Structures are given as C-alpha cells and as structure tokens.
Amino acid sequence: MASKYQEYNQLNLPQIEQEIRKEWEQHQIFEKSVSNRDGAIPFVFYEGPPSANGLPGIHHVISRSLKDLVCRYKTMKGHQVKRKSGWDTHGLPVELGVEKALGITKEDIGKKISIAEYNETCRKEVLKYKDVWEELTRKMGYWVDLQHPYITFENDYIESLWWCMQQLYKKGLLYKSVSIQPYSPAAGTGLSSHELNQPGTYKDVKDTTVVAMFKAIASDKSQFLFDAAGAGEEVFFLAWTTTPWTLPSNLGLTVGENIDYQLVKTFNPYTHLPVNVVVAKDLAGKYFKAEGENGDFSAWTPEDKIIPWKVVAGFKGRQLENIRYEQLLPFAQPEEGDPFRVLLGDFVTTEDGTGIVHTAPAFGADDNRVGKKYGIGILTLVDRQGKFTDNVGEFSGRYVKNYKNETEYKDVDVDIAVKLKKENRAFRVEKYEHTYPHCWRTDKPVLYYPLDAWFIRTTAVKDRMVELNKTIQWKPAATGTGRFGQWLENMVDWNLSRSRYWGTPLPIWRTEDGTEEICIGSIAELNDGIRKANEVLGGDVNKAYLHDGILDLHKPYVDEIILVSPSGKPMRREPDLVDVWFDSGAMPYAQWHYPFENKENIDKGQAFPADFIAEGVDQTRGWFYTLHALGVMLFDNVAYKTVVSNGLVLDKDGNKMSKRLGNVVDPFQTIDQYGADATRWYMITNASPWDNMKFNVEGIKEVQRKLFGTLYNTYNFFAMYANLDGFRFEEKYIPLEERPEIDRWIISVLNTLVKQVTGNMDEFEPTQAGRAVQEFVDEHLSNWYVRLCRRRFWKGEYEHDKISAFQTLYECLEKVSQLMAPVSPFFSDWMYRNLNSVSGLRSESSVHLSNFPAVNEVAVDKELEERMQLAQDISSLVLSLRKKTNNKVRQPLQKILIPVTDEHMKAQITLVEHLIKSEVNVKTIEYLTETEGFIKKKIKPNFKSLGTRMGAKMKAVAAAIGGMEQHDIAVLEKDGEFGLNVENERIPIVLSDVDIISEDIPGWTVANKGMLTVALDITISPELLDEGNARELVNRIQKIRKDSGFELTDRINVKVPDVPALKSALMNFNDYICTEILADSLEIVPQLQEGTEVEVNEFKFNVLVNKKR
RNA sequence: AGAUCCGUAGCUCAGCCUGGUUAGAGCACUACACUGAUAAUGUAGGGGUCAGCAGUUCAAAUCUGCUCGGGUCUACCA
C-alpha cells in the first residue's frame, strides 16, 4: 500500500487512460467484473454486430459508450452482465467491396472467378479491419468480450440459423412466392433496397404518360353506368400511367372504396367521338375545363377549344367493384385467374392521375398484392432483358427502355400512346417529369419485376408482435409507438431471398417439380441426408461429402449436395441466400449456438430475452425489427425489454458526416488528443442519446476543462494536504452529527446526488445523471465546499475538525469516482485507485469491481441544503455589493443587514452565519424583522393562486395590487388580509395571493435576489482599515513565499520598513500576520533597501523575507 | 409522398408533460476583482419578435391547428 497520495503536475487524460488500460489488461479487470458476479441475477445485453469491412467512425463511439455505461452500471449494481461481441460478416456491402477490390462484377462470379474462390475472398476481406475495431474498442474503454465473439459466417452460427428457419418452416411461416422486386435489366440482377438507396439513384426523368380508356362491359353491376350514359353509349374507365409499356400486361383497375367518382359525358379530345368516362370527382378538374361544363353538345365541333362535358352520375368506388371491362391491348392473357375487373385497394389516392389505378400485377408491388387478393392472375409481357416477349404484336422484342444504348432507340411508350389514340383508347397523352429509381451501376431505370422468393409470414403474427411491442420500454418512447409501432401495423411478409453468393444459404431442398421439399435444421440432419441420398440415388451423388460430411455451409458446397425425397426423387437446394438481417435478428440464439449448445441458458431465461439493447435509430426497421420478429415467431416472446435508439452524429454545422464531404471525424485522433473519457462524457451529457448530436471538439475541450480539470484540481488539493498531514483514513469514521455544518451539508448533497444518479441510470437517462454529477463537482464540491474549507485543510493541528474535513472530502471524491465510473471509466478508476491505494478502505482494486453507492437517507438534510443555498445567495449578493461600491473582499466590513420574513428564515441563516461572515469578510449579521417605514417593500401578485379565482378580472386585480401603498402592504402583512378596490368592487386578498419583497432600505446599499434582500454597511473604521491592511500585507508576503519556492511548512523571518500609514496595522495585528505567514519574527526597521518591492493600498516599499534555517 | 423527431442567446443545451407576467445555465465576448487549488475562481455587462401564423385562455416558449426550415426512416406508387 502506498503511503502517499500520488500528486500530479498537470492533467493528462490520454496518459491516465493508457495507464489504467494497462492495469485492466494486466489484471483482467473486465473478466473479473463478470466472474465476480457468478450466480448473481444476470442482466442480459446483446451487442449488435458491426461489419468489420469498413472503418469505425465517431458515431460508433456514442452508441458504444451508451451500451458500455449501462453494462458497467448494472455490473456495479450487482448484476452479472455477459457481453459477447460479434461480427456481421455476410451481405451485399461485403460482396460489393470484394468485387471492387477484385475489379469484377457479379456476372464474372462463376466465370472469371470460381464461387469457392470468391467466397474465400469475402471471408478474408470481411474481417479486414477487425484489428482496428478491436483497438478502438479497447481505447474507448468499451468492455465487451473480444476473445469469444460470435461470427455470422461460422458453421455453428449458420447451424443455429438453420435451426431457426426449420422452426419457422415447421410452423408454416416459411413459403415461396413470386414477389415484385426492383430489378435492373441492364445488369440482369435484382437489386436490394440497400442498392436502391445509394446516393444518386433517384433521378428526375421525363416520361410519356397516358390516360388510357378502359371500356366497361354491361352487366347487372355496371348497368347503372350505362343507364346514366344513355342508350347505345359507351362507358370508359380512365386510368393514368407513367409506364405505358406496362399496359399490355394490365389485368385490373383499382379504385378507392370510399372515393367519390363521377360518370362524365364528353368527347374524346383526339378522336372527337362522344364518350362517357369514369373519373374521381376530386380529379375531374384536371381533365375538364370549367367553362365546358354543361356546354352545348349538339353545337360542338372539333375546332372548338372548349369541349363540353356534364356529370351524368356520381357514386362511391365500392359500387364499381367487380365491374368487367374489355382488355385494352389484347395481345396475351394470363394462364390463370379472372382478370379485367375493377378492384378495391386502399393505396388509391386522388392526388394525381384519375383516381383509378391501372393495375399490372407483374410490375408493381401494390398491383401484385391487390391482384393476388382478387385472383386476377399475372401477365408478364417483358422479359428479364427488359424487352417485350414475342407475343406482343408489333411491339414484340422491343426494349421498354433504352437498355442497350441504341443510338436510334425509339421510345416504345410513345408508340403505345399513338396506337391508343388511334383506337379511341387514349384520353390524354403528355410528358410528365418525376423521380424514378435507377440502377446505381448501369445508370439505367429499374423495373419492378416479379421474381421468385422465399418469405417469412410475419403478417401471421402481426397482432402478437404489436401486442408484445407494447411491453417493450422504448427510449425515446415515441420511437416505439411511432416509427416502430406504425411499421408493425403496416408490415408485409419478410422477403428472405437474396440472389447472391456470400451469405447464409437457405436450407431448403426441393424436387424439380416442387411437390416435395425439406427444410434442414442441423448439420447432422444434412449429413444424414447426404448419406441417404447416396444410398437411394447411388452413383456419384454427394460422393465428396460421404466421408467427412459437409465442412462449410456456404456456397458452392451446399449447392453440390443432392438430397432425396420420401418418394425417391432427387432434391436440389433452392439457390437463394438469406437476407443478412436474418443473421443479426437471430443472434440471441445463434451467438450461443442454440439449441446445440447452451440450451438451458436460453430456455431458462438466463440469456434471453435481453434486458437492454441499444443501437442507432436507423436500426429501428432493421435489427430492432428482425430481433423482435424472430423473438415473437420462435419463442412468442419479446427479444428485448428495453431498447435505446440513439440519434445520429452530425458534424458541428449539422450536416451528416460523409467521406464525400470530408467532414468525418476520426475517433482515434479525437481520443488520442482529448481522451476517451472526455469524449464519452461530452457525447453523453451534451444531449439525450436519441437526439441528433452536432459533434464539436470545442465541446470536448470544455468538458475536459470544466469537469475533469476541476475534479483533478480538487483531488490534487486533497492529495497535497492529506500527504502533509499523513491522512490515510486510519482514524475512526467520524459520525456525521459530530462534523461541522458544512461537512454535513456536502455529504447531504452528495447523497441527494447518489439518489438522483441512481434514479436517472435506472431510467436509462445517462444524460441527466452526467449533468447532475457535473453540477455537483463544479458548483458544490469545488466552488463552495473546497473554497470555504481551504483553511481547514492547511491550518491548525491534525485533529477532529481537520480529520473531519479530510474524511468528508475523501468520501466525496470516492463516491464521485463511483458515480461517474460508468460514463468515464478511466479517470474514475484512476481517482479511485489513487485514493484507495493509500487508505486501503476498500478491498476492490478497481472502481468497476466496487458496488454502486447506496443512498444514505439519514444523511440527507433538506433544511441544511436550504440554508446553505441561503448562505450562497447571501454571499453572492454581498460580493456584488462590494463590487458595486468598490470594496475589495480583503477589506473587512462591519455588518450586513438582512430583513427576514419569519423566524424559520432567521434560524436558518443564523446557523450558517459563520460561513457567510468568513466568505464575505464581514464582522456581524443583523436581522430585521418588522419595521414599517424602515424597509421599502414591493408587492407582486401571485398569478397562479389568484388567476383561477379571478378569471377575467385578473388584469384589473394585478393593477390594483401593483398600486398598493406601503401602508396597505403593512396592513396586509399584519392582518393577513386586505380588501382591494377593483372597479368599485371590494375584492379580498390574503397573504398567499401575493409575494412581498423587501426592495430597499433607504440609506443603505441594497441588493436582492428573489425574496432575499441584503444591505451592506460600508463604513470603514480605523480598526477595520488596520485589519484590511494587515491582510493585504499577508497576501503580499504569501506571494513572496510562493515565488521564492518555499515549502508550505517553512518558517520565515520578515523585515518591513517603517511606513506610517501601515504602522498601526503592523502593531495591532502582529500576531495575526505572523500566524498567517508562518513567521517567527516580524520586525519593523527604519529603512530597507533589500528584499522585494510590494504595494499595499498605494504605498510602495520593500519587504525582506528570509527562510529560517 | 407518408411517418417521425427537431427548431429557445453567436455556440451547446435547460425550461414545455402539469400555462402564471423580468425565459435560464455553460461556453464564447467585454470590464473589473481575486490569487498557498492558479491552464482555477468571483462579480458585473452586452446578447432572445422562444422558427412563423392562427386559435384556446384573464394569461402561451409551454396546450391545439396550420405553415416554413432541418434531420431520419419508409416508399417511389398509377
């Protein structure tokens, strides 16, 4: 054990951090903090896996700080918090990175490079920056188990994923279907939403748009339309499209159930034939000019600009349901289904178009959904190259967009429009500018195209997911009810399929005709199947896998395996990979290789669900969603009880950080320069984690100075004097009641702080907790307790009062180190260790192994805290009065005068009188109770109490109160009641209806703050002047001592020349001066040439200070 | 396009849930003081149409609606 507290010359956070980190690693403090809690109630935390094929940024520091501080806090509160790190290793970003590095495209895979080689490269590349990540993790003090991470590409991990999928399969939640996905014909590949959201993919394009006319067929359902149109008339539905090339594939028209529609009689503007058209009422204005309404039909000729029209019927969309129409472009019909009907869909709006949506189930997600609902079939007259199939008449073989960069490409949309015009099937053709997604690689427009895909039927458990979501504590709450809640309400089935190479393969094998299939749930099951297939099918089937079974669960190996169906047919694997979000969503189970290992941990709730997770808000519909979905589907449980979604980190001007803008902040540089603790503290206390934060290093500097600098100074102050007096906390703990007022006060405030911090941390509000600690350290501990108590630490003997001061300050520093440990793990441990290495008070060698402080309710004394506040306010007022009247603090003054409203206030101030007096250097305090005429008072209405009673009369009453005379106020104070005269009405008020403030004491210098008033007597008597001069001299000699480099305890001899103005001060305060400056003699000599020149109240002279030998 | 969060001093943020008449703090700036904690501290000062508009109310930064600006997510849809 050290005998002395370590003293330091200056604060160097990065250096402290290095030292502490070394200690942690050498003595395995993290491991101990977990193993120490064996058997304790676990606090379950899940680490969302980052992808290590990109470099970490400063935004990772905030979310990891948040995660770390919660885990550290819970550990200190006695829980065992296991934290496995993880790596997200599959998926498109990895593949794209590899393709870029190898200079290949997707098409080259399997040709220029084998799939095996390609995947091997991915496997290596994906952990490219693992070291960098691990270094950041250690450097920023994020405690997470880096030794045993879960890695999503490992066989164990994938095996758990397969088990999960098999569970879903068994529950009937896994199915195959055609879905509409973004597809790039130019690149010949489907695109993920990720790719679609690359910057610059959405471009403004001008397309030819058509309002097409679909001819209604008369039937019972449509009779009302024909009746309204009149005998022998034709009725058309108008539908708008920006993609006329989808019209040959049209199978339906969708209307809104509650939207109002009209049947309008008019002429076709191109063919001039009389027509009756159906259009949404709200949109009729777009197609018909107001001047033409109810115009003269018989007199109209095609030369007339204004086409007459009139409404002949009005009805709701639901009345149109299932009315049939003639196919617009009858090139081909779907193989199955009952097409060419009017459907109802909730996605229809009246914002643009006609309120009737042309529905081609092959080329739109909404279309597909509503089409499926009505069973109208599907018709796909465009192939995967983006050209019409050969059964589309004159359009056969034409590319729907210019995918081949043909110089004389003719827009097929235009030709379709022309054809429709000629056939009396177009009501309007025009160019329209809108944004449309483009393939980020080929710059060509994307198609929405039906592709085969496997889905998880999340919609089947939607209600349960919604219900369970309500039990999750979201921070902030609005994200859970809002963004996430609404997302759940509008969920669609989860498209699992990805046509890629590097990812978790879908463990489903099928016969060629699709009638038989199997979903594999474990490696053992697959190996069994491998052997069985070989036995049944014979030959070379699975030959390479018979001996050792399968060794790598990735492509291409899984694809080489053929299984056999119960009826003896070969089954091949469905070629798709699984969405990487499935990888991360299943991590609660896969990280433990459940259920093949650690089965009880999850079954018994020791590792599931999580008590707490936290990630960026961008994960709301990513990880948070997939975790929740899988938790509900697999275990009918939430996957996490509390989730904190933190906001983004923006640059100091509020822009998103991006490499392109060059405003990214390097976390290493920041930490090296300012320290991890200052960075963490800044990020946590600057704003609530869920607010976006504007990252500014100036803020870190401020934290460094303000909090850590102050705390460091306080510690150093303590260490210096504790070392002088040999304080090692060996004496008995002095009971609080035996300590002076100010000690009990700071301990009281300290305990209030403990209570507050605990409450905040339990509520996952670290920002509030950090701010509270900061205020305590700065306002209370440093700027009041230490400032007022300085003398107690260096003056006088080492006995009761001094020991009490040391014990008190020690306790404050120690508890503060514990309170701040979760947020600033390094500095807190440094301070804790410095303290504990001398006192040996605690057996835990690190603050992170100690228990979080518990509140000592007995120590909390609200009355005491209140009167100390009074002392602070009064001192502040007196100091401001001194400033105003130019009386420096070193000059003692005789008295201050404080009007008190009641006995309680007087008693409170009396108890802290000595503190005020020494702080502001005043001899006495006098209290004024009641003296009408002596104190001038000010009266203010209490709006809150009066307002409810007075209502509309409030303004007049306030004016009347403002007009009360001093005498009136006195009456009110004496009687407790007063009758106001407001607009000739007597309105009684009582004391609680007003605030009365002593505003002024005529003839005195006065200051007020709130209800408090202080007057200062600024007369300086000769005695006071002497004392002031004496203090000045002490101050000058102390400075000489310090400048001469004397030790604090050195004794000195002093010679001063005979200065008449100071002589009486020297005579009368000789003893005082000697005590203060530790002088054995203070001699007045007639003349003095040697020594140091000083100036006291405008007199200049020399002082000779000699160290005693 | 929809959902959601945000907008208070030059900067970072409190206050808003629960309405009350002089809207606070820190930083920065200016001046003065203090100085056995000194790269600290105190006192004073300047600095705000609380994004805008309308409404509710005796009273709105605070409640309601709309608008504008910024962020994020989802979608891109005829």
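All chains are named by letter (A, B, ...) in the order of the sequence lines, taking the proteins before the strands, and each is independently numbered beginning at 1. Keep in mind that what you see is a predicted model, and the values were worked out from it rather than measured. The figures that follow rest on heavy atoms only: side chains count, while hydrogens, waters and symmetry mates do not.
- Residue contacts for A/Gly947: at a heavy-atom cut-off of 4.0 Å it reaches a base atom on one of the strands shown.
- The existence of a salt bridge linking A/Lys938 and A/Asp995 is excluded, since no basic side-chain nitrogen approaches an acidic carboxylate oxygen closer than 4.0 Å.
- Distances from the side chain of A/Arg705 to the nucleotides B/rA28, B/rU22, B/rC34 place B/rA28 closest.
- Taking the side chain of A/Met954 as heavy atoms from C-beta on, and the options B/rU22, B/rC58, B/rC13, the nearest nucleotide is B/rC58.
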Task: Watson-Crick or G-U pairs under 3.5 Å in RNA chain B, rendered as dot-bracket with [ ] for crossing pairs and | for another strand - done: ((((((((.[[[[.)....(...]]]].(((((.......))))).....[[[[[..)....]]]]])))))))....

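- A distance of about 40 Å separates the P atoms of B/rC6 and B/rA31, rounded to the whole Å.
- B/rU30 and B/rU67: their C1' atoms are spaced 40 Å apart (whole Å).
- Checking A/Val342, A/Leu344, A/Leu253, A/Ile259 one by one against A/Leu320, the side-chain contact (heavy atoms from CB on, under 4.5 Å) holds for a single residue, A/Val342.
- A/Asp778 comes within 4.0 angstrom of nothing in the nucleic acid, heavy atoms only.
- Residues of residues 779-787 of chain A that place a heavy atom closer than 4.0 Å to RNA chain B, in numerical order, are A/Ser782, A/Asn783, A/Val786, A/Arg787.
- Ring centroids of A/Phe214 and A/Phe237 are separated by 6.0 Å or more, keeping the two rings apart.
- Rounded to whole angstrom, the span from the CG atom of A/Leu707 across to the C1' atom of B/rA37 amounts to 16 Å.
- Taking atom OH of residue A/Tyr625 and atom P of nucleotide B/rU72, one finds them 24 Å apart after rounding to whole Å.
- The side chain of A/Lys888 has B/rC34 as its nearest neighbour among B/rC27, B/rC11, B/rC34.
- Among the atoms of the strands shown, only primed sugar atoms or phosphate atoms (P, OP1, OP2) are found under 4.0 Å from some heavy atom of A/Ala687.
- Here the closest non-hydrogen pair linking A/Gln872 and A/His780 is NE2-ND1, 4.4 Å.
- Between A/Lys938 and A/Tyr721, the residue anchored nearer the 5' end of RNA chain B, judged by the nucleotide with its closest heavy atom, is A/Lys938.
- When the C1' atom is used for both B/rG71 and B/rA39, the distance is 38 Å, rounded to whole Å.
- Close placement of the A/Phe718 and A/Tyr5 rings is indicated, their centers lying within 6.0 Å of each other.
- With rounding to whole Å, A/Asn942 atom CG is found 13 Å from B/rU22 atom P.
- We find that A/Glu765 and A/Lys475 are joined by a salt bridge, their nearest charged nitrogen and carboxylate oxygen being less than 4.0 Å apart.
- Inspection of the A/Asn716 and A/Tyr721 side chains reveals no N or O donor paired with an N or O acceptor under 3.5 Å.
- Not one side-chain nitrogen or oxygen of A/Ser876 sits closer than 4.0 Å to the OP1 or OP2 atom of B/rG42.
- Taking atom C1' in both B/rA9 and B/rU49, the straight-line distance is 14 Å, to the nearest Å.
- Among the nucleotides B/rA37, B/rC13, B/rC58, the one closest to any side-chain atom of A/Arg771 is B/rC13.
- Rounded to whole Å, the P atom of B/rA60 lies 13 Å from the corresponding atom of B/rA54.
- Residues passing the side-chain hydrogen bond (donor to acceptor under 3.5 Å, both in side chains) test with A/Thr243, sequence neighbours excluded: A/Thr241, A/Thr246.
- Atom-to-atom, CD1 of A/Ile961 to P of B/rG20 comes out at 18 Å; the value is rounded to the nearest Å.
- Side-chain contact, A/Ser945 with A/Asp993: a donor N or O sits under 3.5 Å from an acceptor N or O.
- In plain terms, the two heavy atoms of A/Val922 and A/Leu1016 that are nearest each other are CG2-CD1, 4.2 Å.
- Side-chain nitrogen and oxygen atoms of A/Asn696 include none within less than 4.0 Å of the OP1 or OP2 phosphate oxygen of B/rU12.
- Checked by atom type, the side-chain pair A/Gln774/A/Trp681 shows a donor-acceptor distance below 3.5 Å.
- Residue-level contact check: A/Lys706 touches the backbone only, with heavy atoms under 4.0 Å from sugar-phosphate atoms and none from bases.
- The nearest whole Å value for the distance from the CD atom in A/Gln774 to the P atom in B/rC27 is 11 Å.
- Which of B/rC13, B/rG26, B/rA37 sits closest to the side chain of A/Asn713 comes down to B/rA37.
- Phosphate proximity of B/rU21 to A/Lys940: absent, as no side-chain N or O sits under 4.0 Å from OP1 or OP2.
- On the P atoms, B/rC29 is 12 Å away from B/rA40, given to the nearest whole Å.
- Distance from the side chain of A/Phe943 is smallest to B/rG20 among B/rC76, B/rA37, B/rG20.
- For A/Glu1032 and B/rC34, the CD to P distance is 7 Å, given to the nearest whole Å.
- Contact annotation: A/Lys944 does not reach the phosphate of B/rG19 (side-chain N/O to OP1 or OP2, under 4.0 Å).
- In summary, A/Glu698 and A/Lys701 engage in a salt bridge, as defined by a charged side-chain N under 4.0 Å from a carboxylate O.
- Separating the C1' atom of B/rU4 from that of B/rA75 is a span of 15 Å, rounded to the nearest Å.
- Look at CH2 on A/Trp690: it is 20 Å from P on B/rU72, rounded to the nearest Å.
- Checking A/Ser688 against A/Leu946, the closest nucleotide of RNA chain B that is more toward the 5' end is the one next to A/Ser688.
- Atom C1' of B/rG26 sits at a distance of 15 Å from the matching atom of B/rU41, rounded to the whole Å.
- Put simply, CD on A/Glu702 is 19 Å from P on B/rA39, counting in whole angstrom units.
- Among the heavy atoms of the strands, none lies under 4.0 Å from A/Phe718.
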